[in-house]
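Shown next, in structure tokens, is the structure this report addresses.
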There are 2 protein chains.
Amino acid sequence: MSDLLDRLRGRGWRMTSQRRVVAQVLDGDHVHLTADEVHARAAALLPEISRATVYNTLGELVSLGEVIEVATDGRARRYDPNAHHPHHHLVCSECGTVRDVHPDRDPLTDLPARERFGFTVAAAEVTYRGLCPDCAKA
Amino acid sequence: MSDLLDRLRGRGWRMTSQRRVVAQVLDGDHVHLTADEVHARAAALLPEISRATVYNTLGELVSLGEVIEVATDGRARRYDPNAHHPHHHLVCSECGTVRDVHPDRDPLTDLPARERFGFTVAAAEVTYRGLCPDCAKA
DNA sequence: TCCTACGATGGACACAGTCCAAGTCAAGAA
DNA sequence: TTCTTGACTTGGACTGTGTCCATCGTAGGA
């Protein structure tokens with residue numbers, strides 16, 4: 001994830017301890033934290049970090065295209081650092097766990113012109129829903 | 001939409017003026033209102049209706065399967081009365097307009113077993129994003 | 001080492017949604 | 001038709017999520 005820090009520095013980002021900690025917390029695969037979770041984990045490393053800073057930093061990462069915002073339910077947005085590999089999401093309806101998945105086909109190709117209503121369609125996000133192994137057992 | 005009222009009565013719903021008004025407001029195609037919008041339109045017909053009742057009624061309609069909850073952004077949930085015809089959504093990134101669309105293929109068939117991580121996958125929702133004709137012009 | 005513009009802070013605010021105790025009323029019973 | 005009752009509605013308090021802003025602090029160039 002120091003790749004990320006390097007890229008950010010290259011873009012003229014001022015490197016502060018707060019930003020470093022937020023980037024560090026977002027490292028890894030299948031990471032889909034809410035802003036509050038990011039704040040909690042960041043605060044474990046840097047106790048004084050404020051909520052506003054976490055929101056600011058996440059917002060910047062999103063507009064730089066380094067992190068993707070995911071709205072799996074109508075509740076808190078989740079932040080996905082896996083922004084450089086196109087993928088979709090599989091969500092457990094019970095516990096909310098999210099996994100990154102890679103379907104065989106891009107759904108964009110399956111939306112015929114007559115169903116586009118004159119829109120310039122740029123992207124398609126798929127949310128698969130079901131039960132994760134743990135919740136299916138219970 | 002009196003179909004809906006009939007179905008609800010058949011299911012033992014007590015028919016109150018509030019519920020009638022909420023059902024009436026949700027009538028139509030390409031309707032994707034937020035709870036607050038439903039409340040505003042319902043209040044135009046029945047001024048005393050409360051926010052809590054609108055939320056209760058929407059929640060009941062959703063659990064009866066008569067209305068679908070849509071989370072197109074991380075903000076307010078939207079309510080879609082077109083629950084009996086499977087479809088997906090096309091959202092304008094600029095103004096938020098939503099249209100119902102019908103792709104040629106069900107994306108569920110394109111998620112191979114190795115990408116299911118042991119989940120029991122039940123459904124797939126596709127959100128297409130782009131610019132609507134009006135916003136593309138501006 | 002000094003400067004300063006960019007970033008961090010925390011507290012107030014706005015919005016979305018939930019919960020609850022008390023009052024109201026739809027619809028079946030008599 | 002009136003009575004009864006439990007389901008429904010109400011408004012207000014409360015929680016969670018996200019935004020805004022004035023002020024303070026500091027990274028990094030001169």
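So that the names make sense, note that chain A is the first sequence line, chain B the second, and so on, each numbered from 1.
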OP1 or OP2 of [N] versus the side-chain N and O atoms of [X]: is any pair under 4.0 Å?
X       : N      : result
A/Arg19 : C/dG7  : yes
B/Gln18 : C/dT24 : no
A/Tyr55 : D/dG18 : yes

Q | Electrostatic pair B/Glu60-B/Arg11, nearest N-O below 4.0 angstrom | A | no
Please classify the nucleic acid contact of [X] as base, sugar-phosphate, or nothing, using heavy-atom distances under 4.0 Å.
X       : answer
B/Thr16 : sugar-phosphate
B/Arg51 : base
B/Ala76 : sugar-phosphate

(Q) Using heavy-atom distances to pick each residue's nearest nucleotide on DNA chain C, tell me which of B/Trp13 and B/Asn56 is more 5'. (A) B/Asn56
**Q.** Contact nearer the 5' end of DNA chain C, comparing B/Ala52 with A/Ser50
**A.** A/Ser50
Q. Parallel under 30°, tilted from 30 to 60°, perpendicular over 60°: which one fits the rings of B/His89 and B/His87?
A. perpendicular
Q: Identify whether A/Leu33 and A/Val54 are in the same connected component of the hydrophobic contact network (ILVMFWY, side-chain heavy atoms under 4.5 Å).
A: yes
Q) Starting at CZ of B/Arg9 and ending at P of C/dG28, how long is that distance when rounded to a whole Å? A) 11 Å
Q. Is a side-chain donor-acceptor pair under 3.5 Å present for A/His32 with A/Asp100?
A. yes
Q) Of the nucleotides D/dT19, D/dG28, C/dT18, which one has an atom closest to the side chain of A/Arg77? A) D/dT19
Q.
So for B/Arg14 and C/dC25, does any side-chain atom that can act as donor or acceptor lie under 3.5 Å from a complementary atom in the base?
A. yes
